[in-house]
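Structure, as structure tokens:
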Amino acid sequence: MPLLSWVKKKALSRELELFEMLKKHIELSIKACELVVHELTASTDEKQKIDVWASQVVALEREGDKLVSIISSKLMKGAIAITIAGSASVLTDKMDDILDELYYIAMEVKRGRSCNLDNSAQVLEIYNDIAKMIMIGKVALERLRDLVSVALSDYVRAKELDSEVDIYEDQVDEMKSYTLDKLYRVSNSISSIAVIHLIELIRAADGLLDACEDSAHLILDIVSALIA
């Protein structure tokens with residue numbers, strides 16, 4: 001390894017450790033996305049699996065909380081450059097928000113399907129729309145994971161990945177508007193609790209992408225501060 005590269009890596013060793021932990025947290029969110037999509041798209045014959053999938057998301061969220069606790073403890077002990085400590089703390093919270101949104105969706109879908117809100121074809125159709133939003137969220141998280149991986153070594157690529165996350169957020173924002181319009185059109189055909197249930201799920205799916213976008217921007221802010 002060239003001497004300059006070795007010195008640079010040594011100087012950023014604390015930040016590399018932080019980014020590795022954040023990468024692990026993103027991996028948990030990616031797995032949670034897959035499980036939530038299973039919950040939303042499960043057929044009648046698969047409904048008995050929903051409790052298992054929801055429980056797996058709960059386990060991932062708890063694992064994420066442990067990681068956040070470790071990261072927060074390190075930040076409080078000054079185990080990172082003071083110039084980025086504030087942004088790193090906000091970034092950690094944003095990453096936690098992503099998994100929290102997925103936890104909320106998993107539990108809300110479990111409640112809705114256990115109460116047979118999915119007996120309605122209109123509800124199932126909107127579940128499928130929400131699942132598409134979550135699948136885009138999964139891709140955005142994969143780009144966010146890639147961004148964390150290259151942020152300290154390839155700033156140009158990091159900026160490209162940040163822009164990709166922005167595109168996915170815009171796509172889901174458009175899907176949110178479209179799905180809400182669809183929901184309002186069928187609102188007289190389904191129960192009031194189903195309407196509330198679906199609005200909350202749409203909001204949470206949109207919040208997932210918002211948190212991904214915010215996280216990507218914060219990562220670039222941190223790297224910019226380090227290389228300034």
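Because only heavy atoms are used, hydrogens play no part in the values below, and waters and symmetry mates are left out as well, while side chains stay in.
Lys159 and Glu164 are not joined by a salt bridge, as no carboxylate oxygen comes within less than 4.0 angstrom of a charged side-chain nitrogen. A salt bridge between Glu125 and Lys182 is present, with a side-chain N of the basic residue lying under 4.0 Å from a carboxylate O of the acidic one. Using a 4.0 Å cut-off between a side-chain N of Lys or Arg and a carboxylate O of Asp or Glu, Glu160 and Arg157 qualify as a salt bridge. Here Glu142 does not pair with Arg145 in a salt bridge; the nearest charged N to carboxylate O distance is not below 4.0 Å. Glu108 has a carboxylate O that lies under 4.0 Å from a charged side-chain N of Arg111, or vice versa, which qualifies the two as a salt bridge.
Taking His38 as the reference, nothing meets the side-chain hydrogen bond (donor to acceptor under 3.5 Å, both in side chains) condition, with sequence neighbours excluded. Listed by chain and number, the residues in a side-chain contact (heavy atoms from CB on, under 4.5 Å) with Ser120 are Gln122, Val123, Ile190 (sequence neighbours excluded). In this structure, the side-chain contact (heavy atoms from CB on, under 4.5 Å) partners of Lys47, at least two apart in sequence or on a different chain, are Ile50, Arg113, Asn116, Asp118. By the side-chain contact (heavy atoms from CB on, under 4.5 Å) test, Ala216 is found to be paired with Leu144, Leu147, Asp162, Val165, residues two or more places apart in sequence or in another chain being considered. Contacts of Asp173 classified as side-chain hydrogen bond (donor to acceptor under 3.5 Å, both in side chains), with partners at least two apart in sequence or in another chain: Lys176. Checked against side-chain hydrogen bond (donor to acceptor under 3.5 Å, both in side chains), Gln171 has no partners two or more places apart in sequence or in another chain. Every side-chain contact (heavy atoms from CB on, under 4.5 Å) that Met21 has, sequence neighbours left out, goes to Glu17, Leu67, Ile70, Ile71, Lys74. The side-chain hydrogen bond (donor to acceptor under 3.5 Å, both in side chains) search around Asp210 returns none, not counting sequence neighbours. Scored by the salt bridge (Lys or Arg N to Asp or Glu O under 4.0 Å) test, Lys31 finds no partners at all (sequence neighbours excluded).
Its side chain within the 4.5 Å cluster rule, Leu117 clusters with Ile193 among the Ile, Leu, Val, Met, Phe, Trp and Tyr residues.
A continuous path of hydrophobic side-chain contacts links Val186 to Met175 [ILVMFWY only; heavy atoms under 4.5 Å].
Screening residues 141-167 for ring-ring contact (aromatic ring centres under 6.0 Å, His included) gives no qualifying pairs among residues at least two apart or on separate chains. Residues in residues 164-208 take part in these ring-ring contact (aromatic ring centres under 6.0 Å, His included) pairs, two or more places apart or across chains: Tyr127-His197.
When atom types are taken as modelled, the side chain of Glu46 and the backbone of Ser43 share a donor-acceptor pair closer than 3.5 angstrom. Between the side chain of Ser69 and the backbone N or O of Asp65 there is no donor-acceptor pair closer than 3.5 Å. Ser153 contributes a side-chain N or O that, together with a main-chain N or O of Val150, makes up a donor-acceptor pair within less than 3.5 Å.
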Would Asp97 and Lys94 count as a side chain to side chain contact (heavy atoms under 4.5 Å, CB included) if you check the C-alpha gap in whole Å, the side-chain angles of each, and the deciding distance to 0.1 Å? CA-CA 5 Å; Asp97 288 345; Lys94 284 293 176 183; 4.0 Å; yes
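Between the CD atom of Glu39 and the CD atom of Glu34 there is a distance of 13.0 Å, given to the nearest 0.5 Å. Within the model, atoms CG of Asn128 and CG of Leu40 stand 8.0 Å from one another, a figure rounded to the nearest 0.5 Å. Considering OG of Ser215 and CG of Asp93, their distance stands at 10.0 Å, rounded to 0.5 Å.
Contact between Ala151 and Ala158 at its shortest, heavy atoms only, is CA-CB, 4.0 Å.
Side-chain contact check for Val36 versus Trp53: every heavy-atom pair is 4.5 Å or farther apart. Between Ile126 and Leu201, the closest side-chain pair of non-hydrogen atoms is not below 4.5 Å. Between Val172 and Lys132 there is no side-chain heavy-atom pair separated by less than 4.5 Å.
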